[in-house]
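Every heavy atom of this structure was used, including side-chain atoms; hydrogens, water molecules and symmetry mates were not. Quick note: residue numbers are just sequence positions, from 1.
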Amino acid sequence: MMEIDKDLKRKLSEEYTKDFLELRIIVNKFDPLGLIRGGAPENEHDNVTQKLIRCLYDHKLENVRDLLIDCYDEYGFNGRDIKEEFLNSFNKKIEDTYNLIENWYLNKYKNRTLANGKR
């Protein structure tokens, strides 16, 4: 098994940390159930952020909406069973957060895509 160069390993670790912290800001703004606004620590949604970063590193942007909806299960609520009166605001919150994540993703990977000759 090939060992990863220590400098490369450090660089990858730094990149992951930077990406994680940037995505944490988006997830904390999303703030399922308003826990952050209610005084919870900033790492309250780190499990969701970890799932999100794994999804994006696997280039599965199409799974992000489902991840955002399904993350409510972790807090004891079914994101697929929203009362009609809250459905529009819920969907807007999901879509607004998805758009922030999509912009983050596209900005992260656009330089690599352009370097590979793709648009």
Side-chain angles (χ1 to χ4, degrees):
M1 194 163 140
M2 189 170 84
E3 186 160 327
I4 296 178
D5 174 278
K6 285 183 182 181
D7 287 337
L8 177 59
K9 192 174 184 179
R10 181 184 50 72
K11 183 180 179 206
L12 291 172
S13 177
E14 289 171 358
E15 181 179 2
Y16 177 88
T17 299
K18 177 183 174 288
D19 291 346
F20 184 89
L21 292 174
E22 288 174 359
L23 288 168
R24 176 194 266 175
I25 291 168
I26 295 171
V27 171
N28 283 351
K29 184 178 182 200
F30 174 57
D31 196 16
L33 307 180
L35 299 175
I36 299 291
R37 285 186 304 276
E42 69 175 8
N43 67 350
E44 181 69 34
H45 305 304
D46 281 1
N47 191 33
V48 175
T49 305
Q50 288 172 347
K51 289 179 181 181
L52 177 61
I53 201 168
R54 200 170 22 242
C55 182
L56 295 173
Y57 277 10
D58 287 343
H59 303 290
K60 295 186 177 185
L61 186 63
E62 68 276 6
N63 294 343
V64 168
R65 280 186 187 89
D66 284 337
L67 188 151
L68 293 173
I69 294 168
D70 294 338
C71 82
Y72 282 83
D73 294 349
E74 295 183 32
Y75 304 99
F77 295 90
N78 184 344
R80 305 227 177 245
D81 188 27
I82 304 298
K83 291 182 180 181
E84 186 67 37
E85 63 192 281
F86 302 113
L87 197 54
N88 285 339
S89 62
F90 179 81
N91 287 336
K92 181 175 179 357
K93 184 175 182 178
I94 297 293
E95 196 59 29
D96 289 349
T97 303
Y98 173 83
N99 289 334
L100 290 172
I101 293 166
E102 180 183 46
N103 287 336
W104 179 90
Y105 177 83
L106 293 175
N107 283 326
K108 177 173 178 60
Y109 291 105
K110 78 176 171 193
N111 292 333
R112 294 179 191 174
T113 302
L114 293 174
N116 292 333
K118 298 177 184 171
R119 286 190 70 187

Undergrad: Can you tell me how far the CD1 atom of I53 sits from the SG atom of C55, to the nearest 0.5 Å?
TA: 11.0 Å
Undergrad: Can you measure from OH (Y105) to OH (Y57) and round to the nearest 0.5 angstrom?
TA: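 Output value for this atom pair is 11.5 Å.
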Undergrad: Flag the pair L68 / I101 as yes when at least one side-chain heavy-atom distance between them is below 4.5 Å, and no otherwise.
TA: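 A side-chain contact under 4.5 Å exists here.
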Undergrad: Between D66 and R80, is the closest basic N to carboxylate O distance under 4.0 Å?
TA: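 A salt bridge is present here (some side-chain N lies under 4.0 Å from a carboxylate O).
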Undergrad: Decide side chain to side chain contact (heavy atoms under 4.5 Å, CB included) for L56 and D19; before the verdict, give the C-alpha distance in whole Å, the side-chain angles of both, and the deciding distance to 0.1 Å.
TA: CA-CA 10 Å; L56 295 173; D19 291 346; over 6 Å; no
Undergrad: Compare every heavy atom of D73 with every heavy atom of G79, then report the nearest pair and how far apart it is.
TA: N-OD1, 3.9 Å
Undergrad: Show, in sequence, the C-alpha distance, side-chain angles and deciding distance for I94 and F30, and conclude whether the side chain to side chain contact (heavy atoms under 4.5 Å, CB included) test is met.
TA: CA-CA 8 Å; I94 297 293; F30 174 57; 3.8 Å; yes
Undergrad: Got a second to check how far D70's CG is from N63's CG, nearest 0.5 Å?
TA: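 Reported value, rounded in 0.5 Å steps: 10.0 Å.
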Undergrad: Could you tell me which non-hydrogen atom of E44 sits nearest to which non-hydrogen atom of Y75, and how far apart they are?
TA: O-OH, 4.1 Å
Undergrad: Check E102 against L61 and note the closest heavy-atom contact, atom names and distance.
TA: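 Heavy-atom minimum between the residues: CG-CD2, 3.9 Å.
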Undergrad: If I take atom CD1 from residue I36 and atom NZ from residue K29, how far apart are they, to the nearest 0.5 angstrom?
TA: 14.0 Å
Undergrad: How far apart are the C-alpha atoms of H45 and N28, what are their side-chain angles, what is the distance that settles it, and do they pass the side-chain hydrogen bond (donor to acceptor under 3.5 Å, both in side chains) test?
TA: CA-CA 7 Å; H45 305 304; N28 283 351; 4.6 Å; no
Undergrad: Is a salt bridge present between E14 and K18, judged by a nitrogen-to-oxygen distance below 4.0 Å?
TA: no
Undergrad: Return the minimal non-hydrogen interatomic distance between E62 and H59, and the atom names on each side.
TA: OE1-O, 4.0 Å
Undergrad: Can you measure from CD (E85) to CZ (F90) and round to the nearest 0.5 angstrom?
TA: 14.0 Å
Undergrad: Counting only heavy atoms not in F77, do more than 12 fall under 6.0 Å of its CZ?
TA: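 No.
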Undergrad: Look up atom CD1 in I69 and atom CG in N91, then write down how far apart they are to the nearest 0.5 Å.
TA: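 Rounded to the nearest 0.5 Å, the CD1-CG separation comes out at 7.0 Å.
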Undergrad: Do I25 and F20 land in one hydrophobic cluster if side-chain heavy atoms of ILVMFWY residues count as linked below 4.5 Å?
TA: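 Different hydrophobic clusters.
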Undergrad: Test side chain to side chain contact (heavy atoms under 4.5 Å, CB included) on I82 and Y72 and set out the steps.
TA: CA-CA 11 Å; I82 304 298; Y72 282 83; 5.9 Å; no
Undergrad: Can you name the one residue among T97, T49, L52, N103 that meets side chain to side chain contact (heavy atoms under 4.5 Å, CB included) with I26?
TA: T97
